[in-house]
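Scroll down for the structure; my scribbles are underneath it.
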Amino acid sequence: RLKDPSSGKLLDCYRIPRGHYVAPEVYEIESDASSATYPLALAAITGTECTIESIGSDSLQGDARFAKDVLEPMGCSVVQTRNSTKVTGPPVGQLRQIGLVDMEPMTDAFLTASVLLAVAVQPSQDGKESTQITGIANQRVKECNRIKAMMDELAKFGVRTQEHEDGLEVFGQPMESLRQDVSVHCYDDHRVAMAFSVLAAVAPGPGTVLEEKRCVEKTWPNWWDDLERKLGIKVEGVELESQTSAGSAAVSLTQRNNRLTAGNYPEDATIFCIGMRGTGKTYLGKFAAYALQRPFLDADAIFDERHKLNGFVAKNGW
């Protein structure tokens, strides 16, 4: 801070010495800790071993705590260094409940935890036969209401759950008692699809159908290939007969047909895309209009043309 040379008083003026940026020789980029939970969970549920590089105790991502805070209490062996995580699952069928786990620091990982808890038959260390996951209320407003999605789809396997204000409770049952040949609706949500692929790996019967194959492209485009080639889980794609039919049940994973049907509506009926701002209504609406060979109207564009959107919002609010 500079001084007035005549009075010696401090001035509201600062001299900043010239600096220069030095680029590091090596950039260390962490792996995606949320996506890492799925192969680690497969090791846990199948009693095998998995090591993830670039995710460890020094990770800045909350989901990096999944191995130590969820898998280890469930009976897995976890070895975590500063930049790697190794998980070895217990013998098949020996996962145990936790009783209570706060997953607020790693909310996206609750789906992965839920499918593991669904087949955890050993009681927790305090004797609980279920686990309440807390701190995940925000998961109701993600790609879908993930809490409800997990409860509804786990119910198809016969797994009992209970909803709470900030989470859900999962009651475990033996793998062999899961219902067979379930068709899982994925809600076009990548995390629902990848989480249930973990449960599908041990579900009894010829196979579990996972609908909406392409939704994993948001975070792991090669998930289904990696699941088979790197993780050893049999995967076979099928075409479903209709949106409400499970199609062939003799598959592990499948793809849902994305077909629009006219139903009993007039051919010139208007289709509305309604949702929160910034969720892609315009982007997806243009695709739908092109596929259906229909005109596309953007409500924001029309409103702006008639009323000047920014001025209207400045005056009246959203």
Side-chain angles (χ1 to χ4, degrees), residues 32 34-35 38 108 111 138-153 156 182-197 200 208-225 227 235-249 251-313 316-318:
D32 180 0
S34 299
S35 295
Y38 308 113
D108 281 349
L111 299 89
N138 69 327
Q139 293 293 303
R140 292 188 175 94
V141 290
K142 291 288 187 173
E143 283 83 341
C144 66
N145 181 340
R146 287 176 170 170
I147 293 177
K148 186 176 188 303
M150 294 306 293
M151 295 177 67
D152 288 348
E153 301 311 306
K156 293 179 180 180
V182 171
S183 184
V184 176
H185 178 51
C186 297
Y187 305 86
D188 201 23
D189 188 328
H190 55 136
R191 302 216 179 279
V192 174
M194 289 191 282
F196 275 100
S197 67
T208 298
V209 172
L210 299 185
E211 304 170 2
E212 301 163 325
K213 172 184 177 181
R214 292 183 61 183
C215 65
V216 300
E217 292 178 3
K218 180 174 182 179
T219 46
W220 199 329
N222 296 326
W223 171 246
W224 308 120
D225 290 337
L227 193 60
V235 177
E236 180 181 348
V238 298
E239 292 292 335
L240 300 185
E241 294 176 0
S242 70
Q243 288 186 320
T244 57
S245 170
S248 172
V251 294
S252 299
L253 306 163
T254 189
Q255 181 176 7
R256 182 187 181 94
N257 276 346
N258 294 314
R259 293 187 293 187
L260 297 174
T261 56
N264 296 320
Y265 296 103
E267 291 184 0
D268 59 349
T270 300
I271 300 172
F272 290 91
C273 294
I274 302 174
M276 296 174 65
R277 295 187 61 80
T279 55
K281 300 184 298 298
T282 299
Y283 183 75
L284 294 175
K286 288 180 179 179
F287 272 114
Y290 177 80
L292 299 172
Q293 298 183 348
R294 303 284 293 279
F296 175 77
L297 301 176
D298 187 328
D300 281 354
I302 295 173
F303 193 96
D304 186 55
E305 179 182 321
R306 298 180 181 179
H307 304 289
K308 300 303 178 186
L309 182 60
N310 290 339
F312 184 92
V313 171
N316 301 285
W318 284 108

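Every value quoted in this text rests on a predicted model; they were computed, and no experiment measured them. The residues of the chain are indexed from 1 along the displayed sequence.
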Tell me whether the rings of Phe303 and His307 are parallel (<30°), tilted (30 to 60°) or perpendicular (>60°). tilted

Begin from the C-alpha positions of Arg146 and Tyr187 and carry the test side chain to side chain donor-acceptor pair (under 3.5 Å) through to its verdict. CA-CA 9 Å; Arg146 287 176 170 170; Tyr187 305 86; over 6 Å; no

Shortest non-hydrogen separation from Ala193 to Leu210 and the atoms involved: O-CD1, 3.7 Å

Minimum heavy-atom separation for Leu292 and Ile271, please, with both atom names. CD1-CD1, 3.8 Å

Judged by atom type as modelled, is there a donor-acceptor pair below 3.5 Å linking the side chain of Gln139 to the main-chain atoms of Ile147? no

Is it true that atom NZ of Lys156 has more than 12 heavy atoms of other residues, nucleotides or ligands lying nearer than 6.0 Å? yes

Just how far is it from atom CE of Met151 to atom CG of Asn145, taken to the nearest 0.5 Å? 9.5 Å

I'd like to check Phe312 versus Asp304 (side-chain heavy atoms, cut-off strictly below 4.5 Å). Are they in contact? no

Inter-residue atom distance Leu284.CG - Lys286.NZ, 0.5 Å rounding: 11.5 Å

Distance in Å, His185 NE2 paired with Phe196 CZ, rounded so as to fall on 0.5 Å steps: 11.5 Å

Distance col, row Asp188:CG vs Lys218:NZ, nearest 0.5 angstrom, shows 9.5 Å

When rounded to the nearest 0.5 angstrom, what is the spacing between CE in Met150 and SG in Cys144? 9.5 Å

Any donor-acceptor N/O pair, Thr279 side chain to Met276 backbone, under 3.5 Å: yes

From CZ (Phe272) to CG (Leu297), nearest 0.5 Å: 9.5 Å

Within the side chain of Trp224, is there an N or O that forms a donor-acceptor pair under 3.5 Å with the backbone of Lys213? yes

Please determine whether side chain to side chain contact (heavy atoms under 4.5 Å, CB included) holds for the pair Glu143 and Arg191, giving the CA-CA distance in whole Å, both sets of side-chain angles, and the decisive distance to 0.1 Å. CA-CA 9 Å; Glu143 283 83 341; Arg191 302 216 179 279; over 6 Å; no

Could you pull out the closest heavy-atom pair between Glu211 and Cys186, with the gap in Å? O-SG, 3.0 Å

Looking only at heavy atoms, which two atoms of Tyr38 and Ala195 are closest? And how far apart? CE2-N, 3.8 Å

Evaluation steps, side chain to side chain contact (heavy atoms under 4.5 Å, CB included), between Glu212 and Val192: CA-CA 10 Å; Glu212 301 163 325; Val192 174; over 6 Å; no

